[in-house]
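One structure is given here, and the rest of the page talks about it.
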There are 2 protein chains.
Amino acid sequence: MAVTIRDVAKASGVHISTVSRTFSAPHLVNPETRSRVLATAEQLGYRPNRAARALITGRTHNIGLIVADIANPFFPPLIKAAETHARRRDYHVFVADTDEDPSVEADLVQALAKQVDGILLCSPRMSDDQIEQLRREVPLVVVNRMITGLPAVVMDVGQGAREAVRHLLGLGHRHLVYLAGPRGSWTNREIRRAAGATARAAGADLTVLGPHQPVEEAGAASAEAVLGTGATAVLAYNDLMAIGLLQALQDRGVAVPGRISVVGIDDIAYAGLVRPRLTTVANPTAAAGRAAVDMLLQHGDGGATGQVTLQTTLIIRNSTGPGPHSPAAALTAEVAAHVKE
Amino acid sequence: MAVTIRDVAKASGVHISTVSRTFSAPHLVNPETRSRVLATAEQLGYRPNRAARALITGRTHNIGLIVADIANPFFPPLIKAAETHARRRDYHVFVADTDEDPSVEADLVQALAKQVDGILLCSPRMSDDQIEQLRREVPLVVVNRMITGLPAVVMDVGQGAREAVRHLLGLGHRHLVYLAGPRGSWTNREIRRAAGATARAAGADLTVLGPHQPVEEAGAASAEAVLGTGATAVLAYNDLMAIGLLQALQDRGVAVPGRISVVGIDDIAYAGLVRPRLTTVANPTAAAGRAAVDMLLQHGDGGATGQVTLQTTLIIRNSTGPGPHSPAAALTAEVAAHVKE
DNA sequence: TAAGCTGTTGCAAACGTTTGCCGAATGGAG
DNA sequence: CTCCATTCGGCAAACGTTTGCAACAGCTTA
């Protein structure tokens with residue numbers, strides 16, 4: 001059916017091993033022979049069978065990329081960057097979606113293990129133990145999770161959260177809410193810890209609401225609870241939840257940022273398009289994707305075990321404004337009106 | 001290194017063929033033997049090597065999914081649905097991004113060909129000839145493209161465009177602009193044809209501006225040209241461009257829908273979140289992804305060659321309003337004011 | 001002239017499976 | 001007790017590659 005190395009060998013009058021070497025070790029074959037083989041190969045439309053090659057070399061030239069939710073706008077830029085970067089290095093990428101389910105995650109790693117040279121686990125929800133277990137079956141690089149001894153790429157969301165909280169404190173807010181993300185998320189713990197510490201250090205209150213699924217609906221559903229706390233500012237686990245909250249508050253006629261300020265995290269594509277435009281912590285997702293691919297492919301099969309931390313940056317837009325203790329509290333009304341348009 | 005069928009055979013005292021059959025043809029092995037083998041396999045942590053299996057069976061249990069741009073919000077829901085659906089059928093999915101480049105598309109198909117049982121080509125930009133060529137190397141199903149003899153899943157964007165244009169005509173618009181998408185896009189041709197025919201039949205004008213890359217920047221960049229035409233309504237190739245245009249018009253102080261109505265296509269996640277909320281044609285992308293996977297896997301390797309057409313629906317929001325010839329033109333101001341909030 | 005390189009090629013085993021074929025064991029019918 | 005059918009399991013070839021080893025030619029060097 002398909003044209004194999006044997007067909008090329010026959011057609012060009014050499015042994016199959018010579019054909020093989022023409023592709024995998026060109027310097028070992030006479031230039032003249034090589035070009036002849038190359039010509040017939042081209043003419044016959046020969047393409048090496050990667051599966052067969054993998055069987056004997058043990059290297060598949062494939063990698064796996066496992067994310068919680070492909071449709072969550074946080075991931076596509078990461079996936080795209082990782083795929084492009086991997087392909088430039090002649091690797092193909094399996095993409096899989098766990099739907100936020102840790103057990104699916106584990107199954108997926110095992111199913112993919114034999115078919116890839118390594119797996120990128122993005123924002124895994126599994127326990128550290130499970131991950132430790134799995135790394136023995138296949139090289140793993142985790143993104144947005146810190147596990148000692150495991151190569152990782154993390155975005156310094158703790159720093160982002162601190163900046164966000166300081167921003168809110170600076171605006172005169174004294175009672176904040178953290179709208180927590182899913183349990184099992186390292187990012188969630190980091191944000192919570194960083195935000196809590198920063199608020200406490202300044203003598204402010206931080207109420208944690210959650211856990212929640214990291215989707216718009218969850219953000220919207222929490223509106224009542226948020227209002228119930230009496231807080232004047234909210235930091236959400238991600239932009240999706242922040243935007244959901246924004247919508248729900250709007251529906252209730254609650255002014256943002258007049259009555260409540262809202263900060264998201266991620267800076268997804270449309271954070272700057274909703275009204276009010278969302279103040280948020282930008283994550284370098286594309287860079288993270290590339291860095292993770294590099295880490296995975298870097299060490300032949302040894303254990304390069306570094307941890308790369310990428311900076312995040314607070315982007316101040318219109319969803320945050322002066323709080324009740326603002327030195328410029330008198331200006332609140334005016335500023336809010338201005339920000340509204 | 002890894003545990004193979006041979007290890008399991010040794011450990012359970014049977015021949016490797018028996019182990020093989022335990023997994024691939026259980027009814028051929030004595031229940032007692034089977035459970036013994038299963039037990040040792042489980043204990044040893046044996047996982048069949050799909051590459052080796054593929055080598056002999058010719059079926060890889062992988063499929064390829066090629067899209068123009070993973071980060072374009074149109075695709076992630078499709079990718080997610082396809083991946084989930086495929087996995088339920090025990091298939092893994094390679095995802096690749098062509099960055100809207102037709103030559104990358106062709107390379108990708110060839111590179112993936114040996115490693116998959118079939119490829120889903122989503123919104124391909126290649127010529128029909130090229131695709132005809134490639135289908136001889138690997139089973140292909142195209143999404144959003146109609147090629148005679150090739151299995152396809154298309155969303156009936158022509159119908160959607162007609163509905164959108166009728167909606168605009170009904171509002172009293174007589175001069176429309178179609179903001180065209182990329183060359184090579186079947187969808188683009190369909191929309192253009194349908195919109196043009198519908199407008200012409202009603203004695204209205206339709207000016208085509210383009211081609212454009214299907215991104216926000218292109219939509220924004222076309223604002224001047226759009227205004228220059230003197231048209232009062234715009235249909236954009238996709239929501240991204242429509243939203244870009246919306247932003248650019250807003251920056252220029254042009255009222256939407258007061259001065260110009262804008263309609264997008266796709267109904268991406270945030271079409272309903274921008275202000276004004278975008279009137280758009282919703283595409284059933286998730287259903288398309290599932291249908292395409294079904295078509296690909298359905299026929300063993302024969303040539304199921306149907307074409308599935310999925311319905312689209314116009315979603316009327318706030319970016320469209322009465323035009324200069326509206327029977328209710330007198331109400332324009334009031335309606336616009338209302339819509340604005 | 002013998003010995004030793006170097007560069008090029010062929011030979012054959014190996015990778016982890018599946019599967020057609022054959023033989024052994026079992027059991028029921030005659 | 002013999003014969004046949006059925007069920008089960010082993011044997012070995014095959015899938016398309018890679019790669020260590022050996023063979024050989026044409027050199028150079030001593």
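Below, chains carry the letters A, B, ... as their sequence lines are ordered, and counting in each starts from 1. Keep in mind that the numbers below use all heavy atoms, side chains included, and drop hydrogens, waters and symmetry copies.
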In whole angstroms, the gap separating C1' of C:dT19 from CZ of B:F23 amounts to 17 Å
Do B:T309 and B:D156 meet the criterion of a side-chain donor-acceptor pair at a distance under 3.5 Å? no
Side chains of B:E100 and B:Q213: is there a donor and an acceptor less than 3.5 Å apart? no
Calculate the interatomic distance between B:R53 atom CZ and D:dT17 atom P; express it in whole Å. 21 Å
B:N72 side chain to B:F75 backbone, donor-acceptor under 3.5 Å: no
Shortest non-hydrogen contact from A:A11 to A:L44? CB-CD2, 4.2 Å
Residue among A:T4, A:V8, A:V3 satisfying side-chain contact (heavy atoms from CB on, under 4.5 Å) with A:R6: A:T4
The bend of the helix from C:dT1-D:dA30 to C:dG30-D:dC1, taken between the axes of its five terminal pairs at each end and rounded to 10°, is 50°
Under a 3.5 Å threshold, yes or no: a donor from one side chain and an acceptor from the other, between A:H85 and A:D294? yes
Would you call A:D101 and A:R125 a salt bridge, using N to O less than 4.0 angstrom? no
Sugar-phosphate or base contact per nucleotide [nucleotides 5-12 of chain D; S, B, -; heavy atom under 4.0 Å]: ---SSBB-
Could you check whether B:S20 gets within reach of a base, just the sugar-phosphate, or nothing at all, counting any heavy atom under 4.0 Å? base
Considering only heavy atoms, which members of residues 37-50 of chain B lie under 4.0 Å from some atom of DNA chain C? B:Y46, B:R47, B:P48, B:N49
Is it the case that over 12 heavy atoms from other parts of the model lie below 6.0 angstrom from the NZ atom of A:K10? no
Nearest whole angstrom, please: distance from the P of C:dT17 to the CZ of B:R59. 19 Å
Atom pair distance, as rounded to whole Å: NZ in A:K114 and C1' in C:dT17: 12 Å
Could A:D97 and B:R87 be called an ion pair, given the rule that one side-chain N must be under 4.0 Å from one carboxylate O? no
Specify the separation, in whole Å, of atom CD1 of A:I56 and atom C1' of D:dC15. 13 Å
Where the side chain of A:R36 meets the backbone of A:S12, is there a donor-acceptor pair that is under 3.5 Å apart? yes
Under a plain distance cut-off of 3.5 Å, with no hydrogens placed, do A:Q115 and B:N62 share a side-chain donor-acceptor pair? yes
Rounded to whole Å, the CG-P distance (A:L55 to D:dG16) equals 12 Å
